[in-house]
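Keep in mind the model is a prediction, meaning the values are calculated, not measured.
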Amino acid sequence: SNLDLNIITHSNEIQDWLKHTKSIVKPSLKLVDLISKGNSVLVHCSDGWDRTSQLTSLIELLSDKHYRTVFGFIQLIEKHWIGFGHKFKDRIGHLTSASKSEQSPIFIQWLECVWQFQKKYPNQFEFTENFLIEIGLN
């Protein structure tokens with residue numbers, strides 16, 4: 001039936017989303033471990049706007065408690081997202097005529113990763129999921 005097909009489609013979308021989330025979290029944790037052992041790392045993904053910002057900002061968030069404060073989190077977004085030139089308008093698809101192929105929830109995926117850590121370690125964060133939602137909506 002259509003309901004069964006919708007459930008299967010939705011389940012596949014959830015699995016894909018979780019796979020993408022894991023593809024951000026897993027290398028970030030590996031790099032945090034390497035850095036904590038005194039290693040230097042270089043992170044640069046294909047275009048430098050999407051994956052690079054996801055990884056480097058998550059690495060800093062996990063490595064430095066300052067970035068788990070409200071002020072520090074805003075600085076992190078300014079540094080790794082705005083400063084790196086993330087294409088917010090094109091990726092979100094609002095207020096622009098960007099092609100559908102440019103649209104991707106890169107920033108929202110990163111907020112999802114942050115939320116996963118915030119839920120697991122709430123005492124390590126000054127902010128709550130409501131703060132993350134507010135940022136995601138704006």
Side-chain angles (χ1 to χ4, degrees):
S1 75
N2 281 344
L3 180 59
D4 293 338
L5 184 57
N6 287 339
I7 291 171
I8 290 169
T9 302
H10 184 67
S11 294
N12 289 338
E13 290 170 358
I14 291 171
Q15 287 176 1
D16 287 345
W17 181 261
L18 293 174
K19 184 177 98 180
H20 287 297
T21 301
K22 182 179 178 183
S23 74
I24 301 163
V25 169
K26 190 173 181 181
S28 295
L29 290 172
K30 175 69 174 167
L31 292 169
V32 166
D33 183 54
L34 288 169
I35 293 166
S36 72
K37 292 176 180 171
N39 295 292
S40 296
V41 299
L42 173 66
V43 178
H44 190 284
C45 304
S46 60
D47 62 17
W49 286 303
D50 296 333
R51 230 8 222 196
T52 304
S53 293
Q54 287 176 323
L55 292 173
T56 56
S57 56
L58 193 58
I59 290 165
E60 279 208 80
L61 179 87
L62 297 173
S63 300
D64 187 339
K65 66 182 178 180
H66 168 70
Y67 295 113
R68 296 188 296 268
T69 67
V70 170
F71 182 71
F73 194 72
I74 291 167
Q75 286 181 316
L76 193 68
I77 292 170
E78 288 174 348
K79 177 181 177 183
H80 288 278
W81 293 90
I82 297 167
F84 282 8
H86 181 68
K87 300 176 176 184
F88 283 100
K89 287 183 182 179
D90 293 342
R91 296 299 185 250
I92 302 296
H94 293 301
L95 306 172
T96 183
S97 59
S99 71
K100 292 266 186 211
S101 66
E102 286 288 311
Q103 293 180 14
S104 182
I106 301 300
F107 186 70
I108 302 300
Q109 286 174 340
W110 176 71
L111 288 175
E112 163 83 13
C113 295
V114 173
W115 176 77
Q116 293 290 341
F117 284 103
Q118 190 274 327
K119 289 302 278 184
K120 186 166 179 132
Y121 306 104
N123 295 333
Q124 298 296 314
F125 289 81
E126 184 180 282
F127 51 85
T128 66
E129 69 182 52
N130 290 335
F131 177 71
L132 297 174
I133 291 168
E134 196 62 34
I135 288 175
L137 292 174
N138 293 296

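Between Phe127 and Glu134 the shortest side-chain heavy-atom distance does not fall below 4.5 Å. Counting only heavy atoms from C-beta outward, the side chains of Arg68 and Leu61 approach each other to under 4.5 Å. Proximity of Phe73 to Phe131: side-chain heavy atoms (C-beta onward) are separated by under 4.5 Å at one or more points. By the 4.5 Å heavy-atom criterion applied to side chains, Leu62 and Tyr121 are not counted as neighbours. For the pair Leu18 and Gln15, the minimum side-chain heavy-atom distance is 4.5 Å or more.
Distance check, rounded to the nearest 0.5 Å: OG of Ser63 to CG of Leu58 gives 9.0 Å. To the nearest 0.5 Å, atoms CD (Glu60) and NE2 (His80) are separated by 3.5 Å. Atom CG of Leu76 and atom OG1 of Thr69 lie 10.0 Å apart (nearest 0.5 Å).
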Can you give the donor-acceptor pairs under 3.5 Å from side chains of residues 30-39 to other protein atoms, not counting sequence neighbours?
| unit_1 | atom_1 | unit_2 | atom_2 | d |
| --- | --- | --- | --- | --- |
| Asp33 | OD2 | Lys37 | NZ | 3.1 |
| Ser36 | OG | Val32 | O | 3.4 |
| Ser36 | OG | Asp33 | O | 2.8 |
| Asn39 | ND2 | Leu34 | O | 3.0 |

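Scanning for side chain to side chain contact (heavy atoms under 4.5 Å, CB included) contacts around Lys119 gives Trp115, Glu129, with sequence neighbours left out. Applying the side chain to side chain donor-acceptor pair (under 3.5 Å) criterion to Gln116, with sequence neighbours excluded, gives Glu112.
There is no side-chain donor-acceptor pair under 3.5 Å between Ser53 and Trp110.
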